Participant: 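Attaching a single structure in structure tokens format; questions to follow.
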Amino acid sequence: MTAHSRPPYDEDDDLDLRALYRTLPRAEPGPAVDAAVHEAAARAAAADRRVWRQRRLWHPGWGVAASIVLTACLFLLTDFRHPDLDGVSDAPPVDAELARPPRALPSPTAPPAAAPARPEAPAALRRYAPAMRADEAPQADNATRAEKSDAPTEPGDATEREAPAESDARIAQIRELLQAGRRDAAVQALRDLRREAPDLALPPDLQALLPAEPR
Amino acid sequence: MDMPGADDETLMQAYGAGNLAAFDALYARHRAGLYRYILRSTRNPHQADDIFQETWSRVIDARARWQPRAKFTTWLLRIAHNLIIDAYRRRPPQAGPQETEAALATLAAAQHEQPEQQVSDFQTRRRLQLAIEQLPDEQRHAILLRLEHDLSLEEIADVTGAPRETVKSRLRYATQHIRKALSA
């Protein structure tokens, strides 16, 4: 069997054909096709320019710069002194007597002379704490002391905070007696209140019930 | 940028950067050769127009991501070649040999190709056209890339996706067929 021999293809073998091919009519796309392609290319380039313009306007660097400026302004405007210590040096010295924790409530049975002569209203109102039974008083007093020794002492003690409410309750009770027509009982309660709390400022209408009573 | 002196890859990158004049220079450089390759491959002027525009549309779409890894001409012809193959698969050529011959003959001829030219030259060109039209698709694509764009075997293989030896075989058969038609 004889193999079919084919001449090797030489890239220069077709030089004459390439020359002849160039003599064929030079077909070209029509003007409409040219215009369509150019329009598509121009439209795409315009879209790219719009995108790049927007990117230039909204460059991330602007956001970073704005953040830096804002942070710097906050840094400059912020007072870094400790707010709790601010003004301490300008404050007047603390009165040692006022800063001292309040003492325990005296027993209702104790004579009035034993009570400390404290002109401050809160100290006077402390006497209006609810009356304790005789057997409970020391225990409660001890418990109060124990609590005071355990917990840090605060100027706003619970008993002290409840004193104004107690006086208000008693004044309201006196008014109820007056409204009920029990003037004598109201005057007696008012005298008791005056005696127990001589420094308590009574409302004018109740004060009028005790014109002859020396304060 | 000196548009006329810039190479294709530089022009394409310039267009990707928004330079429309670069695209115009690129288009002016390749429009005729690309169109002839598509027209003589499809043998259908309407289909050639569509594929031609679609080829350039894909070039435009790829403007931003295009990288000069290969010659622009090879890339452009590969796009067109793939579109031609897709068109073949979608539908057979609608134009017959006679219609194709008429379409190609009515295309504008150069000044030196007016009727006063010698009849033998006219007949030779006509035979060349018919011989190319009668080639199988693969051989026609290969010989058109060779004759129209002077592509090497490797470049034709790159465009068509066929092995180099296959391209060489196709060119050999196509050349023999054309020479036989011209000598008849």
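Because only heavy atoms are used, hydrogens play no part in the values below, and waters and symmetry mates are left out as well, while side chains stay in. Below, read A as the first sequence line, B as the second, and so on, with proteins coming before strands; counting in each chain starts at 1. Predicted model, so just to flag it, every value in this text is computed and none were measured.
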Participant: Taking B:Arg78 as the fixed residue, which of B:Asp158, B:Thr160, B:Thr55 is the one that meets the side chain to side chain donor-acceptor pair (under 3.5 Å) rule?
Facilitator: B:Asp158
Participant: Has the side chain of B:His177 got a donor or acceptor atom that lies under 3.5 Å from a matching backbone atom of B:Leu135?
Facilitator: no
Participant: Please rank B:Ile132, B:Ile38, B:Leu128 by heavy-atom pairs under 4.5 Å with chain A and give me the top one.
Facilitator: B:Leu128
Participant: Between B:Leu144 and chain A, which part of the residue has a heavy atom less than 4.5 Å away: side chain, backbone, both or neither?
Facilitator: side chain
Participant: Heavy-atom pairs under 4.5 Å with chain B - which of A:Pro29, A:Ala45, A:Ala47 has more of them than the others?
Facilitator: A:Pro29
Participant: What part of B:Leu147 is in contact with chain A, defined as an atom under 4.5 angstrom from a non-hydrogen atom: side chain, backbone, both or neither?
Facilitator: both
Participant: Determine the option with the most heavy-atom pairs under 4.5 angstrom with chain B, choosing from A:Ala46, A:Ala41, A:Ala42.
Facilitator: A:Ala41
Participant: Which one wins on heavy-atom pair count under 4.5 Å against chain B: A:Ala19, A:Ala44, A:Ala40?
Facilitator: A:Ala44
Participant: Let me know if B:Leu34 has heavy atoms under 4.5 Å from chain A in its side chain, its backbone, both or neither.
Facilitator: neither
Participant: Identify which one of B:Trp75, B:Phe23, B:Phe72 satisfies the ring-ring contact (aromatic ring centres under 6.0 Å, His included) criterion when paired with B:His30.
Facilitator: B:Phe72
Participant: Hey, does A:His38 have a side-chain heavy atom less than 4.5 Å from the side chain of B:Leu20?
Facilitator: yes
Participant: Looking only at the side chains, is there a donor atom on one of A:Asp34 and B:Tyr27 sitting less than 3.5 Å from an acceptor on the other?
Facilitator: yes
Participant: State, with a plain yes or no, whether a side-chain heavy atom of A:Arg195 is found less than 4.5 Å away from one of A:Asp192.
Facilitator: yes
